[in-house]
Every structure is written in structure tokens, then in C-alpha cells.
Student: 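Please find one structure pasted underneath; my questions will follow.
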Amino acid sequence: MASASFTSALCFFSQNPIRNLEVSSSPIFYSSSNGVEFASNSIVLTSCTGLSPATSRLSSRFIRNCSSSTAPVRTLDYEFTDGSSEVELRLQLETQDIRSSKDVFVDANETSLTIRVRRLGSIVTLLETKQLFEKIKPAETIWYIDEDQLVISLKKHDPDLKWPDIVESWESLTAGSTQLLKGTSIYLIGDATDINQTVAHELAVGLGYTPLSTKELLETFSKQNIDSWMLAEGSDAVAQAENAVLESLSSHVRTVVATLGGRQGAAGRTDTWRHLYAGFTVWLSQTEATDESAAKEEARRHMQDSKVAYSNAEVVVKLQGWDDAHSKAVAQAALSALKQLVLSDKNLPDKKSLYIRLGCRGDWPNIKPPGWDPASDENTKNTGA
């Protein structure tokens, strides 16, 4: 398979299903329809412990990958605790030969944290992340040395949001998304059916959701593959059949649904979206942009083009090339964008639930009162009343 290059605001690639994240030199762009901007971020994190959503106190290990290949790799044990309005990080200093607090330098910003120490006359970086799990209030950061531990208290910007870990990673995102998504399903759309399926499976496994594929459901029902169906009856018939499948799935929760790509799919048509609105839609869009700013500009332009059915999506992830080996990186980018989307409006999952209960009438996002009839509304527009 051809090698892939990715452009995004996320630079995470996982080689270990437990917790092993590496910075990639070829990230992925993502954007969301609510105009939230996402800053680039990177961290090298290796942990020998698993992560559970119910865990409130964790002990993990950072391995900092220095820019020089000959530089030594240092490890650092830490404990993490999430309180109600703040999070606390405790770093073991017993092997660092720290003589006083003057040898410790803590630099906290809204979404980043850097910890350095002076050791044997040199400045050593113990921890550096450009992407905390969520925003903090840097002016209210407190730190002190407690025997052989450096204790750092960070005030959370959103006290109601529980942090599974100090950094945003695949593991912390999948563990922390339960409280945000509230069981709302996710739909993967885009021109490539196989990419939609691969990323949907990664998301479903990470979230503990049920992975579904409209392609597989349609082929099982029709007892023929999609290409044969297309040749026999045309793309309109396939798209309408998929729309019927989406209708039956719209009342389901905790699913990640991979949809058909291109014009043969319902998501590629502006008149077959009413059931897709039942969940969060993520557009996996391939691009030929060569840099981050160009890909972001392309994403914004596409999201504003009402003639493109995919522009109805709430999140777009831009991919330059594709390789199945990077599916988890794409899934992480999508999940990070969804986290920001929901944090911008915490009522979104409840609105999705209401939309489903009222029958997925196509009135998203401006939900009409009970009893509203979309057919009569359309007749009113046509008559000019």
C-alpha cells in the first residue's frame, strides 16, 4: 500500500494498544462546524500502566524523546489526581538531585505544561506537553516540593469536566469521552468507504461502542455486493436503500456507523441527511494540500459550501494520503475535535436525543416544536405563504 502523509492539528500515532504514543512528522488537519480553532500539539508519552475511566489516581511514566538522536532518554514517574476544580500532578524527584526550589522551573499555559530542572549545572526537561487534556487557568498554577516529590496544582477551566489523565491522548480521549458524548452515536462519512469502515472500527473499539457498516448491512440484505447493485439498479437505488438503513439505525445509541462513500451513499446527497443528524457526523476528507494552513483553509471553505452534502458534517478531518496503519491517529483526531465540539455546547448530546425522540424530522439544528410537519412547512415555502 502506498505510504501516507497526514496533515492535522494532531500529531499522535500509537504503536501500542495500551498506551504508547509517538509524535508524527505527518499530522492530520481537523476542523469543526462551530468555528472552534485547534492548535497544533505534540507529546511523546510511553506508559506501562493501563487507563480506566474509573481511575482517579494514576501512576505513569513519561519518556521524553529528545531532538538529538544521541541525547539520553529520561524517564519520570508521576501520579495524577483529578479533584473537583483542579488537577494535581506529583512527580518523583528522588533521582533528579534537586537541591532547592530554585532548581525547578514550571511553565504552564492554557493548554500546555513544561517542567524543567537544573541538574549538575544543566537544564533538563522532565515533562513537556503542548496539549493538556483540557484548558487550565495558568495564573492560578501552584507548585511546591513535598519531600521527594514535585507537586503541581492546576486549576481547571471547566470544573465539571473529569480529566482521565494530564495529557490529551488516545487513552484519555476514549476514557473521557463517555461523559461528553452521553451515548450519542457517531457517523463516519466521506468519499472512501474503506477509510470510513477502518476509522469507525478504531473509534468503536476505543469507546466501547458497537461498530456498524452500512455497506455490510446492505450487502447482507441484498445478497449482492454494492458494485453489482450499482450496475444493476444505479446509484440512486443504492443511496435510497442506505437511507432506509440509516433510518433504522437512527434510534440506536453507542454505535459508530461507517457509511458508503461518494454519490452511491446517502451522505453524499443533500436530501438524505435527516437520519444522519441523529448522531455526530465526522467527514473524513482527503486533500492535496501540502501544509497545515492550506488544509485548514480548504476545510473551512468546504464546510461553508452548502452545495456539498458533506458540509452538513459537524467535524471534518483532512487526510493527505492514506495508510491503514494510521487509522488510530485519524480516529484520535476525530475524537479530539468531537470533544471540542461538545465542550463548546454541552447541550448537544441532549439536543441529539430530543431530535431522535421527535422522529428525526430533518429540522436540525433548529428543532421545531412537537407536531411540526416538515411536509406542510415545505408546502408553505412553495406557495410563498
Side-chain angles (χ1 to χ4, degrees), residues 1-2 4 184-205 209-287 302 305-319 321-324 326-327 330-331 334 352 355-356 359-362 364 374-375 378:
M1 183 177 292
T184 306
S185 292
I186 300 171
Y187 294 86
L188 277 296
I189 67 172
D191 285 329
T193 303
D194 58 335
I195 294 178
N196 297 343
Q197 288 177 310
T198 304
V199 177
H201 184 266
E202 289 285 358
L203 279 171
V205 171
Y209 278 24
T210 300
L212 295 172
S213 164
T214 57
K215 177 178 183 290
E216 293 176 358
L217 293 171
L218 286 167
E219 289 181 341
T220 299
F221 169 77
S222 65
K223 295 181 173 55
Q224 62 179 326
N225 62 46
I226 295 298
D227 291 337
S228 298
W229 196 346
M230 284 272 293
L231 289 173
E233 300 184 38
S235 60
D236 289 348
V238 175
Q240 289 303 320
E242 186 186 32
N243 189 44
V245 170
L246 291 171
E247 180 178 3
S248 68
L249 296 178
S250 62
S251 60
H252 291 216
V253 296
R254 296 180 179 84
T255 63
V256 183
V257 181
T259 65
L260 291 175
R263 285 291 298 170
Q264 65 186 15
R269 299 162 181 252
T270 56
D271 60 344
T272 49
W273 262 77
R274 56 183 289 191
H275 303 296
L276 286 166
Y277 290 134
F280 291 118
T281 47
V282 179
W283 176 13
L284 304 179
S285 172
Q286 293 180 290
T287 180
H302 286 171
D305 187 354
S306 59
K307 296 179 181 179
V308 178
Y310 293 149
S311 67
N312 289 318
E314 285 140 322
V315 166
V316 57
V317 178
K318 284 291 181 180
L319 316 175
W322 174 252
D323 190 315
D324 285 353
H326 299 290
S327 59
V330 180
K352 293 285 187 182
Y355 179 78
I356 295 170
C360 297
R361 303 171 300 178
W364 182 266
E378 186 64 29

Student: Minimum heavy-atom separation for L246 to Y187, with atom names?
Tutor: CD2-CE2, 3.9 Å

Student: Ignoring hydrogens and angles, tell me if any N or O in the side chain of S185 forms a donor-acceptor pair with the backbone of H252 under 3.5 Å.
Tutor: yes

Student: Ignoring hydrogens, what is the shortest heavy-atom contact between A278 and S250? Give both atom names and the distance.
Tutor: CB-O, 3.6 Å

Student: May I ask you to test the R274-Y355 pair for a side-chain heavy-atom distance under 4.5 Å?
Tutor: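 Heavy-atom side-chain distance check passes, below 4.5 Å.
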
Student: Tell me whether K318 forms a cation-pi arrangement with W283, defined as NZ or CZ under 6.0 Å from the six-membered ring centre and within 45 degrees of its axis.
Tutor: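 Judged by the rule, K318 and W283 form a cation-pi pair.
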
Student: Do other residues, nucleotides or ligands put more than 12 heavy atoms under 6.0 Å from H302 NE2?
Tutor: yes

Student: Can any side-chain N or O of Y310 pair as donor or acceptor with the backbone N or O of V282 at less than 3.5 Å?
Tutor: no

Student: Rounded to the nearest 0.5 Å, how far does CH2 of W364 lie from CG of N312?
Tutor: 12.5 Å

Student: Decide if atom CZ of R254 counts as having more than 12 heavy atoms of other residues, nucleotides or ligands within a radius under 6.0 Å.
Tutor: no

Student: With a 4.5 Å heavy-atom cut-off, do K307 and T270 have their side chains touching?
Tutor: no

Student: Supply the atom-to-atom distance K223 NZ to S228 OG, rounded to the nearest 0.5 angstrom.
Tutor: 15.0 Å

Student: Can you give me the closest heavy-atom contact between S285 and V316, atom names plus distance?
Tutor: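 Distance-wise, the nearest heavy atoms are CB-CG2, 3.9 Å.
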
Student: If you take all heavy atoms of D324 and W322, which pair is closest and at what distance?
Tutor: OD1-NE1, 2.7 Å

Student: Enumerate donor-acceptor pairs with a distance under 3.5 Å from any side-chain N or O in residues 256-269 to protein atoms, sequence neighbours excluded.
Tutor:
unit_1	atom_1	unit_2	atom_2	d
T259	OG1	L188	O	2.8
R263	NH1	G268	O	3.3
R269	NE	R263	O	3.0
R269	NH1	D236	OD1	2.7
R269	NH2	S235	OG	3.2
R269	NH2	D236	OD1	3.0
R269	NH2	R263	O	2.9

Student: Looking only at non-hydrogen atoms, find the nearest pair between T281 and W273 and report the distance.
Tutor: CG2-CZ3, 3.7 Å

Student: Residues in side-chain contact (heavy atoms from CB on, under 4.5 Å) with L217, at least two apart?
Tutor: V245, L249

Student: What are the two closest heavy atoms between I226 and K215, and how far apart are they?
Tutor: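 I226 and K215 have their closest heavy atoms at CG1-CG, 3.8 Å.
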
Student: Please step through side chain to side chain contact (heavy atoms under 4.5 Å, CB included) for the pair Q286 and I195, ending with a clear verdict.
Tutor: CA-CA 10 Å; Q286 293 180 290; I195 294 178; 3.8 Å; yes

Student: Can you tell me how far the NE2 atom of H275 sits from the OG atom of S251, to the nearest 0.5 Å?
Tutor: 10.5 Å

Student: Nearest 0.5 Å, what's the OG1-CG distance between T193 and L284?
Tutor: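 It is 11.0 Å, given to the nearest 0.5 Å.
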
Student: Can you tell me how far the CG atom of L212 sits from the NE2 atom of H201, to the nearest 0.5 Å?
Tutor: 11.0 Å

Student: Can you tell me how far CZ of F221 sits from OG1 of T214, rounded to the nearest 0.5 angstrom?
Tutor: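 So the OG1 of T214 and the CZ of F221 are separated by 14.0 Å.
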
